Amino acid sequence: FQDPSTYANTGTLIVEEGATLNGDVYLFVTEGSTEWPVEVSIAASSVNGEVLSANVPAGYIVEELNGTYTVTKGKIQDGIYQPNDNTYAVSNEDGLAWIYANMAANNNYEGMTIELACDITLNRAWTPLGTVDAPFAGSFDGKGYTISNLTVADIDYAAFIAFAAEDITIKDLTLENVAIQSTKHAAGVVCIGGDGITLDNITISGSIEAANYAGGICHNISNVRITNCVNNASVSAQRAAGIASWAASNAIISGVENHGDIMGSIGASGIAHGFAGTITNAANHGNITSTGTEPAAGIAGVQKGASTYEYCVNYGTITSTVDNPNSSAAGILGQTPGTTALLTYCANYGTITAEQCYAAGIAYSLYGSINASY
């Protein structure tokens with residue numbers, strides 16, 4: 001680049017990455033072939049003792065620390081980068097707070113991906129993304145990283161994402177040590193979702209509580225696809241489940257595990273409580289307890305449509321405490337009122353106790369068939 005004095009009349013200087021500048025200059029960075037971040041160092045002005053304001057194009061931010069000016073393409077603020085037009089990368093809790101604030105300002109992230117750049121520990125309460133009128137419409141890629149200490153309290157639709165639009169994907173994310181409490185509905189990741197959402201490779205730990213419905217991964221999503229997810233959180237509500245509390249329309253659940261203790265004052269299930277669809281390669285290891293008039297079940301509680309269960313296994317203790325014909329305890333499937341079920345290659349190894357009602361190793365009140373099961 002040329003000497004700064006040659007640009008004295010224009011007030012701008014085009015510089016390359018790593019350039020060190022001295023004198024009374026403005027800083028102007030062009031994208032060219034240089035990748036972000038671009039770092040430059042500039043000395044104090046000999047005219048007035050201060051460096052003049054940096055003049056940078058849209059999409060860049062300038063920060064000063066001890067006389068060194070860093071010019072970064074795509075950096076919006078601390079914790080938020082935009083490496084391309086379709087992606088926001090989040091690196092700390094300020095970045096997550098910006099994601100919420102930007103959505104509250106009428107950006108629902110449709111067509112965008114939010115991704116984590118590192119593990120993040122939250123030191124403040126979380127306000128869930130999305131509302132019933134403006135659901136979160138982007139995708140979320142955890143990139144294998146962890147968000148710790150997610151805390152939501154005393155609201156309805158408590159979750160990481162309260163309302164999600166249809167056909168989005170949330171994947172490769174761990175939510176560690178969540179503390180979620182809701183006045184009505186709660187979930188670890190998505191509370192209410194549109195048709196066709198995919199939830200893949202997600203792990204939850206901590207505790208989730210709600211007055212009505214609660215699920216370790218999600219509450220209520222139609223045509224949801226849940227794969228390779230693990231719940232380690234305790235879950236309690238009127239109707240509670242380790243993975244999905246209500247997935248009653250063509251759900252596909254595969255490769256999932258529940259290790260949390262699940263307590264329902266009406267009904268409780270290890271994987272899904274109100275359910276219709278297909279569950280394959282699912283395992284429950286948690287203790288499942290119903291103190292109400294719906295079943296306690298290792299895999300699915302109350303079937304809402306014709307469903308298939310393959311390679312499902314229960315290892316947990318299943319307990320029902322109420323004297324009611326619908327309050328059964330079963331290793332795999334609680335009941336199938338008016339619908340048919342096909343169970344194949346399923347097994348129960350847990351203790352099944354119905355203190356005042358009916359108990360079954362595999363399924364109670366079954367319409368359908370059980371094949372090659374133990």
Side-chain angles (χ1 to χ4, degrees), residues 88 90 96-114 122 124-142 147 150-171 173 175 178-200 202 204 208-226 229 231 233 235-241 243-253 266 272-277 304-305:
Y88 289 111
V90 182
L96 282 175
W98 185 91
I99 292 294
Y100 171 79
N102 192 41
M103 185 166 187
N106 299 318
N107 179 0
N108 69 355
Y109 300 106
E110 183 174 3
M112 302 287 293
T113 296
I114 312 300
L122 297 178
R124 66 189 76 164
W126 174 249
T127 302
L129 296 173
T131 66
V132 64
D133 296 321
F136 175 77
S139 290
F140 197 98
D141 186 352
I147 298 175
L150 184 84
T151 301
V152 184
D154 298 328
I155 62 171
D156 194 2
Y157 308 112
F160 182 55
I161 300 171
F163 291 87
E166 61 184 15
D167 296 327
I168 69 169
T169 296
I170 302 166
K171 65 179 183 177
L173 173 66
L175 295 178
V178 304
I180 297 173
Q181 295 179 314
S182 172
T183 56
K184 289 186 179 179
H185 310 92
V189 183
V190 176
C191 197
I192 306 292
D195 283 2
I197 291 176
T198 296
L199 302 167
D200 179 56
I202 299 171
I204 305 289
I208 301 169
E209 301 177 9
N212 292 359
Y213 287 86
I217 302 297
C218 67
H219 162 43
N220 186 0
I221 304 176
S222 298
N223 302 301
V224 65
R225 182 180 181 89
I226 304 173
C229 292
N231 176 58
V235 183
S236 61
Q238 287 182 334
R239 295 174 175 89
I243 300 297
S245 50
W246 190 266
S249 177
N250 300 315
I252 297 174
I253 300 178
I266 292 179
H273 192 64
F275 179 75
K304 297 297 182 179

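Just so you know, residue 1 is the first one in the sequence shown, and it goes up from there. Not measured: the values here are computed from a predicted model.
Atoms CZ and CG, from F136 and N107 in turn, are 9.5 Å apart once rounded to the nearest 0.5 Å. Once rounded to the nearest 0.5 Å, the distance linking CD of Q238 with CD1 of I266 reads 4.0 Å. Separation of atoms CG (D200) and CG (D141) is listed at 10.0 Å; rounding is to 0.5 Å. Here L199 contributes atom CG and I168 contributes atom CD1; the two are 8.0 Å apart, rounded to the nearest 0.5 Å. Atom CD1 of residue I208 and atom CG of residue L175 lie 8.5 Å apart, to the nearest 0.5 angstrom. Summarising the geometry, atom NZ belonging to K304 is positioned 13.0 Å from atom OG belonging to S249; distances are rounded to the nearest 0.5 Å.
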Begin with the C-alpha distance, continue with both residues' side-chain angles, and end with the deciding distance and a verdict on side chain to side chain contact (heavy atoms under 4.5 Å, CB included) for L96 and I147. CA-CA 10 Å; L96 282 175; I147 298 175; 4.1 Å; yes
With side chain to side chain contact (heavy atoms under 4.5 Å, CB included) as the test, would you mind laying out the steps for E166 and I197 before giving the verdict? CA-CA 6 Å; E166 61 184 15; I197 291 176; 5.7 Å; no
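Taking each heavy atom of V152 and A158 in turn, the nearest pair found is CG1-CB, 3.6 Å. Nearest heavy atoms, A187 versus H219: CB-N, 3.6 Å. Counting all heavy atoms, side chain and backbone alike, A186 lies closest to C191 at N-SG, 3.9 Å. Nearest heavy atoms, A164 versus P135: C-CB, 3.7 Å. Scanning both residues, R124 and A97, for their nearest heavy atoms gives NH1-CB, 3.6 Å. The heavy-atom pair separating S236 from A214 by the smallest distance is O-CB, 4.0 Å.
Looking at heavy atoms from C-beta onward, N212 lies out of side-chain contact with R239 at the 4.5 angstrom threshold. For the pair V190 and V224, the minimum side-chain heavy-atom distance is 4.5 Å or more. For the pair C218 and V189, the minimum side-chain heavy-atom distance is 4.5 Å or more. With a 4.5 Å cut-off on side-chain heavy atoms, I253 and F275 count as touching. Two residues are said to be in side-chain contact when any heavy atoms from C-beta on lie closer than 4.5 Å; I217 and I204 meet this criterion. You'll find the side chain of Y109 reaches within 4.5 Å of the side chain of N102, heavy atoms only. The closest side-chain heavy-atom distance from Y157 to V132 is not below 4.5 Å. I170 places a side-chain heavy atom less than 4.5 Å from the side chain of I202.
Between the side chain of S182 and the main chain of I155, a donor-acceptor pair closer than 3.5 Å is present. Not a single donor-acceptor pair under 3.5 Å links the side chain of Y100 to the backbone N or O of W126. Looking at D154, its side chain never comes within 3.5 Å of a backbone N or O of Q181 through a donor-acceptor pair.
Legend: residues meeting side chain to side chain donor-acceptor pair (under 3.5 Å) with D167, ordered by chain and number and at least two apart, are absent. Contacts of Y88 classified as side chain to side chain donor-acceptor pair (under 3.5 Å), with partners at least two apart in sequence or in another chain: none.
Using bins of under 30°, 30° to 60° and over 60° for the plane-to-plane angle, the ring pair H185/Y213 lands in the parallel bin.
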